[in-house]
Amino acid sequence: MAGTAGVESTEIGELTLRAWRGGTDKWQGRVLRTAAERLAADGWAVAPDGTATVVLHGREFALVPGGEAQLGFDAAAFEATPEQAASYAESCRGFGFPADLRTHLAAVLSPVRTVRLPALLVGVEAVDAGEVDFEEHGWRLPTPDEWEYACGAGAPTLFRWGATHPDTDDPFSAPDGPQHRPNAFGLHIARDPYRPEVTADPGVMCGGDGGSATCGGYGSFLAWLPLATAYRDPELAELLDGSGWCDDLFGRPVVAL
């Protein structure tokens with residue numbers, strides 16, 4: 001396995017996704033056990049599909065290897081399906097969105113960029129950001145780049161599961177839809193647009209729009225769009241700052257390795 005032998009002699013925080021996915025089951029077990037022991041974890045496991053989890057303070061965290069990654073979405077190259085195009089056209093007529101879908105996507109999706117990120121342990125579930133003391137447990141919030149990378153897990157598509165979404169009015173009309181399945185890192189993420197997640201940047205929230213599109217009846221495509229990996233509503237954080245209209249603010253705990 002090229003590149004895996006040397007990882008053991010470096011900091012686990014430098015573990016790359018390529019090295020992790022190229023390692024043997026035995027090697028992956030050694031790496032995760034070392035990380036778990038350093039953090040005095042309650043338990044750890046590597047699943048047959050390569051996802052790895054560590055239990056800290058009774059909460060499950062997934063290993064998210066780092067390295068160089070491409071984030072964002074190229075809105076100019078997006079090719080809408082006939083159903084997506086028709087849904088958006090209806091939204092334009094009813095709610096005054098830009099006539100060009102790609103223009104709208106460019107405004108709400110982060111741009112394509114290459115970043116380098118550390119390996120992290122990321123909470124499998126988000127927690128109530130207002131009720132949990134992150135510092136007490138040695139946690140922090142992810143940066144916007146870390147959140148987006150953890151969500152997409154390397155997938156270049158609009159959504160972490162692919163380019164399209166179920167043919168339903170909104171995510172709540174698809175109780176068995178792909179948004180409810182764990183992603184490639186084993187995270188339960190980007191599945192409820194009413195529950196956006198705060199990040200280390202107060203001006204960036206990810207994973208939802210507070211329910212604006214679904215509640216507003218903007219149409220199926222715009223109702224699903226807030227679950228896109230690169231989605232960032234530029235007005236959401238400002239609207240939520242100091243207001244009580246959204247009680248479902250969540251944060252995803254991160255532990256450095």
Side-chain angles (χ1 to χ4, degrees), residues 1-4 6-23 27-28 31-32 34-36 38-39 41 44 46 49-54 56 59-74 109-127 129 134-135 137-161 182-190 196-207 227-232 237 250-257:
M1 299 293 173
T4 60
V7 175
E8 291 180 293
S9 64
T10 66
E11 287 298 317
I12 296 176
E14 298 176 9
L15 176 66
T16 67
L17 181 58
R18 180 178 180 180
W20 176 258
R21 289 181 172 171
W27 177 84
Q28 289 178 342
V31 170
L32 191 63
T34 299
R38 288 183 182 181
L39 295 168
W44 61 273
V46 180
D49 64 0
T51 57
T53 53
V54 170
L56 300 170
R59 188 170 298 277
E60 197 172 34
F61 287 76
L63 174 66
V64 175
E68 187 173 282
Q70 182 170 293
L71 301 180
F73 189 79
D74 185 359
L109 301 177
S110 68
V112 174
R113 63 211 183 275
T114 299
V115 301
R116 188 166 187 84
L117 299 167
L120 300 168
L121 292 179
V122 178
V124 170
E125 302 277 359
V127 301
F134 276 46
E135 291 186 5
H137 297 301
W139 303 343
R140 65 171 175 82
L141 290 169
T143 66
D145 283 353
E146 289 169 347
W147 190 99
E148 187 175 323
Y149 173 68
C151 179
T157 49
L158 180 62
F159 301 100
R160 58 181 173 79
W161 59 80
N183 76 349
F185 288 141
L187 302 175
H188 297 150
I189 193 167
E197 297 183 23
V198 295
T199 70
D201 183 340
V204 177
M205 301 185 70
C206 301
L227 301 187
T229 301
Y231 182 85
R232 297 182 182 183
F250 286 76
R252 192 161 295 267
V254 165
V255 177
L257 291 172

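Computation of the quantities below employed the complete heavy-atom set of this structure, encompassing side-chain atoms and omitting hydrogens, waters and symmetry-equivalent molecules.
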Locate the shortest heavy-atom distance separating [X] from [Y]; write the atom from each residue and the value.
{"X": "Ala62", "Y": "Val124", "value": "N-CG2, 3.9 Å"}
{"X": "Ala184", "Y": "Arg21", "value": "CB-NH2, 4.0 Å"}
{"X": "Val254", "Y": "Phe61", "value": "N-CE2, 4.5 Å"}
{"X": "Thr16", "Y": "Gly67", "value": "CG2-CA, 4.0 Å"}
{"X": "Trp44", "Y": "Val46", "value": "CZ3-CG2, 4.4 Å"}
{"X": "Trp161", "Y": "Ala190", "value": "CZ3-O, 4.4 Å"}

Trp139 and Phe134 aromatic ring geometry - parallel, tilted or perpendicular at 30°/60° bounds | perpendicular

Contact check, side chains of Glu148 and Pro142, non-hydrogen atoms, under 4.5 Å |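 Not in contact.
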
Minimum side-chain heavy-atom gap Val204-Thr143 below 4.5 Å =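 Side-chain contact under 4.5 Å: no.
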
Donor-acceptor pair, [X] side chain versus [Y] backbone, under 3.5 Å?
{"X": "Arg252", "Y": "Val198", "value": "no"}
{"X": "Glu68", "Y": "Thr114", "value": "no"}
{"X": "Trp147", "Y": "Gly207", "value": "no"}
{"X": "Arg160", "Y": "Ile189", "value": "yes"}

Nearest 0.5 angstrom please: [X] [atom1] to [Y] [atom2], how far?
{"X": "Asp74", "Y": "Leu158", "atom1": "CG", "atom2": "CG", "value": "11.5 Å"}
{"X": "Ile12", "Y": "Leu32", "atom1": "CD1", "atom2": "CG", "value": "8.5 Å"}
{"X": "Phe250", "Y": "Met205", "atom1": "CZ", "atom2": "CE", "value": "10.5 Å"}
{"X": "Arg140", "Y": "Thr199", "atom1": "CZ", "atom2": "OG1", "value": "11.0 Å"}
{"X": "Phe185", "Y": "Leu17", "atom1": "CZ", "atom2": "CG", "value": "5.0 Å"}
{"X": "Gln28", "Y": "Leu15", "atom1": "CD", "atom2": "CG", "value": "9.0 Å"}

Does the side chain of Thr51 pick up a donor-acceptor pair with the side chain of Asp49 at under 3.5 Å?
->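 Their side chains do contain a donor-acceptor pair, which is all the 3.5 Å distance test asks for.
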
Between Thr229, Val112, Val115, which is the residue that forms a side chain to side chain contact (heavy atoms under 4.5 Å, CB included) with Leu71?
-> Val115

Criterion side chain to side chain contact (heavy atoms under 4.5 Å, CB included) on Leu117 and Val64, from CA distance to verdict = CA-CA 10 Å; Leu117 299 167; Val64 175; over 6 Å; no

